[in-house]
Structure formats: structure tokens, C-alpha cells
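Within every chain, numbering begins at 1; the chains are lettered A, B, ... in the order of the sequence lines, protein sequences first and strands thereafter. Source: prediction; values computed, not measured.
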Amino acid sequence: MRNTTKIAIGIAAIAIIVGAIASYIYLSQSGQQLGPATLNGAGATFPQPFLNATITKYTRDIRTNLQINYQAVGSGQGISSLTTKVVDFAASDAPLSASQRQNAPNALHIPETIGAVTLAYKIPSIPSGLNLTGEVIAKIYLGNITNWNDAEIQNLNAGMILPDHAIYTVHRSDSSGTTRIFTTYLSSVSSSWASHVGSGTSVQWIGGVGANGNAAVASTVSQTPYAIGYVELAYALQTAMTVASVKNPAGNYIVPSLASTTTAVQSGASGGLPAGDQDWGSVSLLNTPAAQAYPIVSFTYLLVYRELNVTSGMDKTKATQLVQFLWYVVHDGQQLAPALEYATLPSNVVQIDETSIESITYNGEHLPTS
Amino acid sequence: MIKLTADNAFKILTAIIAASAAIILTINAYTLTGGSMPVLQRFGAYFFTGTTWNPIEGREMFGALPYVLGTLVTSAIALLIGVPLSLGIAIFLAEMAPKTLKVPISYLVELLAAVPSVIYGLWGLFVLRFWMQNYIETPLSTYLSWIPIFSGTPFGLDILTGGVILAIMIIPTVASVSREVIDAVPDSIREGAYSIGATKWEVITHWVLSYGRSGIFGAAILGLGRAVGETMAVTMVIGNAIGPSAMPTSLFKPGQTMSSLIANGFLESTTPIEKSAYIGVGLILLLLSLLINIAAHLMVTRVLKIKGGAVE
């Protein structure tokens with residue numbers, strides 16, 4: 001009697017253990033069966049509409065037990081949150097600098113979407129069609145060209161009657177990735193700009209009016225006759241602003257659009273991109289050689305550690321959820337981009353992202369991407 | 001040994017709550033001083049007298065002078081415009097308004113103080129800016145541009161508009177405190193003045209205002225305190241210039257105040273030294289606000305003492 005009880009208990013115990021292992025293997029293989037998790041991210045404001053849309057779609061339709069919080073606190077704050085390991089992922093318009101890479105060793109750059117900067121203007125007599133070059137834009141912002149009918153602007157716009165009126169320049173007063181892209185572009189085309197002002201998320205402007213945020217720049221330009229300002233492409237398209245065509249290295253004046261932005265990325269990435277964990281500081285989508293490429297274009301990145309166990313509060317379920325979310329962002333999530341006026345990633349960039357995401361580990365173990 | 005009765009417990013509790021004010025201020029000052037150490041050590045006096053503000057890594061230079069001056073100039077404009085208007089309101093309410101008007105108008109004036117500053121900012125950005133540009137700045141610039149402070153192209157987003165927005169925002173504070181001060185002037189003063197044949201104008205200007213002058217001065221300083229610290233509305237209309245171009249040399253130039261500078265740049269500051277520079281500006285702002293509030297407090301308590309001994 002005693003022995004049979006013991007045997008029965010033993011069999012039951014073995015059955016429970018085997019069942020638990022089997023269900024554990026089953027659960028960890030199927031993404032749908034992953035345990036619930038909460039992911040926290042922080043960073044750039046520019047990709048926020050796109051990220052919010054992908055997060056909403058993903059957590060509502062695909063992974064209902066996942067909660068993702070994204071705080072748009074700015075690229076700089078996002079990177080410092082990643083460095084102090086209080087967030088699971090960060091988003092930044094700028095790649096990590098050399099010192100930032102030292103502080104966040106083995107952080108991966110995952111290009112998530114693409115930013116382009118447009119020159120929006122308001123000239124009552126010219127509803128559209130203004131052509132500009134990088135040199136002229138730099139001179140306008142340096143204060144070397146102060147009038148709309150300046151010969152240098154006239155030369156680019158033969159036959160257009162430009163008004164004899166002072167140019168009001170508008171810039172971002174807050175620190176922003178848009179400013180970084182714009183000033184990096186100006187530094188690349190104008191040595192005078194590079195030495196007098198330089199490039200960064202905020203710079204010392206020579207003059208002009210500063211406005212806080214894309215929305216404020218856009219409203220200031222659209223309400224002020226004879227003003228020019230730079231705004232993010234997505235914002236310019238959504239608010240139907242008048243934007244200038246900018247001359248690219250091929251010599252064509254290109255209207256900023258999703259198509260001309262994607263062309264620039266394809267062209268810029270065709271020469272090869274660094275692996276996710278390498279230095280992206282030198283990656284440039286500015287002035288790409290393709291004939292129809294818009295010249296002022298840049299990636300915006302998701303940043304995540306390659307070995308996730310360094311992040312506080314990480315466990316395997318959470319790590320797997322994160323990897324699968326990243327996978328979604330660069331694949332199906334891209335379909336949400338055009339409706340929000342963001343350019344989709346070209347396939348060669350998606351491939352690099354795939355390699356980066358597949359290299360992510362938790363305690364040295366690779367994680368299933370779907 | 002103190003017995004822990006409910007009474008004593010209540011005493012201790014309130015003491016702790018009261019002490020929290022002092023503790024918070026001390027922590028603030030300590031954090032700001034500590035945080036601004038890197039920039040003060042690296043740039044020393046230049047931080048107070050310099051005009052360059054370059055946050056680009058490798059080219060860092062931080063001088064806060066344009067923003068200190070910008071704060072002082074916009075606040076001065078606010079006082080120049082706001083105090084006379086507020087005094088007019090206060091005199092009307094305290095001395096002339098019939099009872100049926102006095103209460104609703106006082107209430108409305110105080111209600112102005114409850115409007116969030118971002119609302120003033122939006123109104124400034126979408127409405128006031130164009131009034132300023134079209135009806136005030138353009139005529140001034142056309143006829144008086146030979147005076148340096150009226151030089152430049154009027155744009156509407158500049159130091160003058162910033163000052164005018166601030167003037168509107170300090171009116172409720174200055175007007176209601178001034179009204180209290182005028183109300184506190186003993187009737188014996190007025191009766192005495194009338195009895196020697198003074199007109200209403202003379203009574204108000206020679207006796208009432210002169211009797212309450214330190215209180216009215218205190219009210220103006222309270223308004224100045226609000227003007228110095230105001231952020232959102234100013235940021236939206238002042239034009240947010242940076243570096244040497246932010247020096248307030250003309251009323252029609254975009255400028256920057258200390259609080260708008262911090263609001264614009266602090267959140268996304270990238271390098272430790274840049275962050276420290278913003279904290280340093282915060283420290284200057286805190287010191288300036290403290291000085292102003294201490295001055296106001298001294299002035300207002302003086303007039304309240306007079307009120308207390310109104311039999312004199």
C-alpha cells in the first residue's frame with residue numbers, strides 16, 4: 001500500500017515536470033504564447049507619430065499582452081536613459097557619438113524610419129516653385145543674403161519675379177534632430193557655415209527668429225510673409241506647406257517627397273552601411289548621388305543593447321517581446337509609415353536591421369524574432 | 001519628556017510641513033549651485049559677462065549676459081506699461097467705483113491671474129503679434145528708426161512683444177495688491193485732505209498714493225517677480241534668439257530671457273557642460289527672483305505695519 005502510493009506520487013511528479021518542460025518549450029517557441037511584458041522606451045520626438053502608430057497597432061492587434069510606453073523626451077534624453085539603463089530601448093535622430101558609444105557599449109543602431117528636412121517659405125507673390133541650393137540656403141541663414149531679390153536667388157529662379165523684401169529666417173529654438181540634420185547639411189555644402197556655426201542639435205544662430213518645435217516653426221512661417229524656415233518633411237506634408245526645391249549633386253532641383261527621400265536612402269545605403277554595433281557617426285544620406293534624390297535626408301534610429309541582460313528589470317520574456325517588437329517595426333510596421341508621411345525603409349536597410357536584431361541576446365542566448 | 005497628545009502631534013506635524021518650504025528652497029539652491037559648478041569653473045566670470053552660447057561639442061562657450069539683460073529689459077517694459085495701468089484699475093476700484101461695480105470688476109481682474117500662461121502665449125503668437133507689428137512697431141520704425149532702440153525690421157516676435165505680454169500678465173497681481181494697499185489707507189487721511197479743500201485728484205495723488213507708496217512699490221515688485229520668472233508666454237513671442245544676436249539692443253529684435261533659454265534648450269542638452277550651463281542660468285534666475293521677492297516682502301510689510309497702527 002505504502003509503496004504503491006509512493007510510485008503513484010512519483011509518476012504524478014514526473015508527469016507534472018515533463019508537462020511543465022513541454023509546455024515551457026511550446027510556449028517559448030510560439031511568440032503568441034509569450035508571457036505578458038511591459039517595455040519602456042524614450043527618445044526623439046520626430047519619430048513619435050510613427051512609433052506611436054506601430055505601438056498601438058502591435059499591442060492592440062498582434063500582441064495584446066504587451067504594453068509599450070514611449071516617452072518623446074528628445075534624442076539626448078533618450079540616449080542618456082539608455083546609458084543609465086533605465087529604458088529598454090531608445091530612439092534618436094543622431095547616431096551615438098564616440099563618447100556615447102563608450103558609455104553604452106554594444107548598443108545597436110537600428111534605422112527605423114527616415115527624416116528629411118524641407119525649406120518652407122511664404123512669399124505672397126510666389127505660391128510655389130522656388131528653387132534653392134545648399135550654398136544659397138547657408139548664405140541666407142548666415143545673413144549674407146538678406147533680400148529675396150538678391151542676384152544669387154534670382155540666378156536659380158530665372159523668369160520668377162522675386163519681391164524686393166527682407167528675408168525673415170525662422171529656426172528651431174529647442175534642441176532637435178531636425179536642426180542637426182539641417183546644420184550638418186549646411187556644413188557639408190558651405191565651409192563658411194562649417195567654420196562660423198557648425199552642426200549640432202542646437203547651434204548659435206546668427207540671427208532670425210527661433211520657434212519651439214516643428215509646429216511653431218511651421219505656423220510662424222505660414223503666418224509671416226517673406227519668411228523661410230526649415231521643417232521636418234512629415235510635418236510639411238501634413239500641413240501642406242509651400243516648400244522649396246533643393247538642388248542635389250546630380251544638378252537637379254528636387255521637390256521633397258516620400259519618393260525622393262526613399263531614393264536618397266537607397267542611393268546612400270547602396271555603398272554599404274555599418275553593422276548595427278559599429279560606428280554610425282559617419283553614415284550620411286545627405287547629398288546622395290542619385291538623380292532624383294532629395295539632398296537633406298537622414299536616418300532616425302532605435303537604439304538597443306545587443307546583450308539585453310544589462311538593462312535593469314530585464315527577463316527572457318521581456319527580451320523576447322522586445323526583439324519581436326523591433327522585428328515588427330522594421331517589417332510590417334513600415335506599412336504604417338506612408339499614411340503618416342514617413343518614408344518606408346528600403347530593402348537593403350531592412351536586411352541590415354534584420355542582422356542587427358538577430359544578433360540580440362539575453363544571457364548569451366539568441367532570441368526568436370517571431 | 002513631552003507627552004504625545006493629539007495636540008502635540010498636530011504641533012509637530014504642522015512644524016514639519018512648515019519646515020518643508022525652507023527645505024525645498026535649500027535643496028533647490030544646493031542642487032543648482034552644485035549643478036552649475038562645472039560651467040562656473042570652466043568659464044568663470046565669462047559665464048556672467050560673455051555673449052557667446054555655443055553648445056556644439058568641441059566649440060563650447062557659454063555666456064549668459066544676453067539672457068540676463070533680456071530678462072531685465074522685458075521685465076522693465078512690463079513694469080513701464082503694466083504698473084500705470086494697474087494703478088488706474090486699483091484707484092478706480094478703491095476710490096471711485098460704485099459698490100455694484102467694485103466687486104465684479106475686482107473679481108474679473110483677479111480672474112485674469114488664473115488664465116494659464118500658455119493661453120496668453122498662444123494669443124500673443126496668433127493675435128497680439130500682428131497688432132504689435134502692424135499698428136505699433138511699423139509706425140515707430142518708419143518715423144523713429146534713427147533712435148537705436150527702434151532700429152531693425154519689425155517682425156512682431158521680439159523683445160517689445162515679449163514685454164507687452166508680460167505687462168498684461170502682471171496686471172492682475174499689481175492691480176489687486178495695489179487696491180488692497182489703497183483700501184488700507186485710513187479714511188482720516190482722505191477726510192483731512194478734503195477738509196482743507198483738496199480735489200479728488202489731489203487727494204488721490206498727493207495723499208492716498210503717497211501714503212501707500214511703499215505698498216504700491218511692493219506690488220510692482222511682486223509683478224516684477226512674476227515677469228522675471230514667466231516662461232511659456234515669453235518663449236512663444238520673444239523670438240528666441242541665441243548668442244550675440246540675443247543682446248537686447250533694439251526693441252524690434254528677437255531676444256531671449258533666462259527662463260525661455262532654459263525652456264528651449266535644457267531638455268535636449270547633449271553634453272554635461274551644456275546641461276551645467278543651463279543649470280547655471282537657473283541659478284542666476286533663482287538669485288534674481290529671491291532678491292526681488294525679499295525686496296517686495298520688506299516693502300509690503302512696511303505698509304501693513306502702518307495699517308496696523310492706523311490711529312497714528
Side-chain angles (χ1 to χ4, degrees), chain A residues 43-45 72-80 92-94 97-100 103 143 146 165-177 179-180 183-184 187 194-213 215-217 219-220 223-227, chain B residues 51-63 66 118 121-122 125-127 129-130 133-134 152-158 161 231-232 234-247 252-256 260-272 274-275 277-278:
Chain A
T45 47
V73 289
S75 300
Q77 283 288 327
I79 289 171
S80 56
S92 172
D93 296 336
S97 69
S99 61
Q100 285 166 341
N103 294 333
T146 56
H165 198 283
I167 304 174
Y168 301 120
T169 61
V170 185
H171 56 80
R172 288 283 289 271
S173 61
D174 52 331
S175 181
S176 85
T179 301
R180 193 192 63 84
T183 54
T184 309
S187 296
S195 61
H196 283 100
V197 182
S199 58
T201 49
S202 61
V203 299
Q204 181 165 276
W205 297 94
I206 306 287
V209 167
N212 195 328
V217 172
S219 76
T220 307
Q223 289 176 32
T224 312
Y226 309 107
Chain B
T51 58
T52 301
W53 189 274
N54 196 338
I56 296 174
E57 219 171 334
R59 298 189 187 183
E60 287 111 331
M61 273 300 249
F62 297 104
V118 69
L122 277 176
L125 186 61
F126 289 110
V127 181
R129 176 193 158 202
F130 298 104
Q133 186 182 358
N134 297 335
T153 335
F155 187 76
L157 295 175
D158 49 28
T161 309
T231 311
M232 207 53 230
V234 177
T235 310
M236 292 169 88
V237 298
I238 199 166
N240 300 307
I242 190 100
S245 67
M247 287 294 276
F252 302 158
K253 261 180 63 179
Q256 182 92 280
S260 68
L261 179 82
I262 297 171
N264 275 314
F266 181 71
L267 260 189
E268 287 228 21
S269 55
T270 42
T271 56
E274 187 188 359
K275 190 156 271 180
Y278 286 113

Greatest number of heavy atom pairs closer than 4.5 Å to chain B - which of A:Gly198, A:Gly207, A:Gly78, A:Ser176: A:Gly198
Chain B interface, residue from A:Ser202, A:Gly200, A:Ser219 that has the most non-hydrogen pairs under 4.5 Å: A:Ser202
Distance-only donor-acceptor check, side chains B:Asn264 and A:Asp174, under 3.5 Å: no
Under 3.5 Å: donor-acceptor pair, side chain of B:Lys253, backbone of B:Asp158: no
Chain B contact via A:Ser99 - which portion, at a heavy-atom distance below 4.5 Å: side chain
Polar side-chain atom of B:Gln133 near backbone of B:Phe130 as donor-acceptor pair, under 3.5 Å: no
Engaged part of B:Thr271 at the chain A interface, taking heavy atoms whose separation is under 4.5 Å: neither
Residues A:Thr220 and B:Arg129: side-chain donor-acceptor under 3.5 angstrom: no
Pairs of heavy atoms under 4.5 Å with chain B: top-ranked of A:Gly213, A:Ser80, A:Ser199: A:Ser199
Heavy-atom contact with chain A under 4.5 Å, split by part of B:Gln256: neither
Other residues, nucleotides, ligands: >12 heavy atoms within 6.0 Å of A:His165 NE2: yes
Contact leader toward chain A among B:Gly239, B:Pro254, B:Ala263, B:Ala241, where contacts are heavy-atom pairs under 4.5 Å: B:Gly239
Winner by heavy-atom pair count (cut-off under 4.5 Å) against chain B, out of A:Val73, A:Thr224, A:Thr201: A:Thr224
Check: B:Glu60 side chain, B:Pro55 main-chain N or O, donor-acceptor pair, under 3.5 Å: no
CD-OG1 distance between A:Gln204 and A:Thr183, expressed to the nearest 0.5 angstrom: 13.0 Å
Distance-only donor-acceptor check, side chains B:Ser260 and B:Thr235, under 3.5 Å: no
Which portion of A:Ile79 sits near chain B, non-hydrogen atoms under 4.5 angstrom: neither
A:Ala216, part contacting chain B, at a heavy-atom distance under 4.5 Å: neither
Part of A:Val203 lying under 4.5 Å from any heavy atom of chain B: both
Choice from A:Ala194, A:Ala227, A:Ala211, A:Ala166 maximising heavy atom contacts with chain B below 4.5 Å: A:Ala194
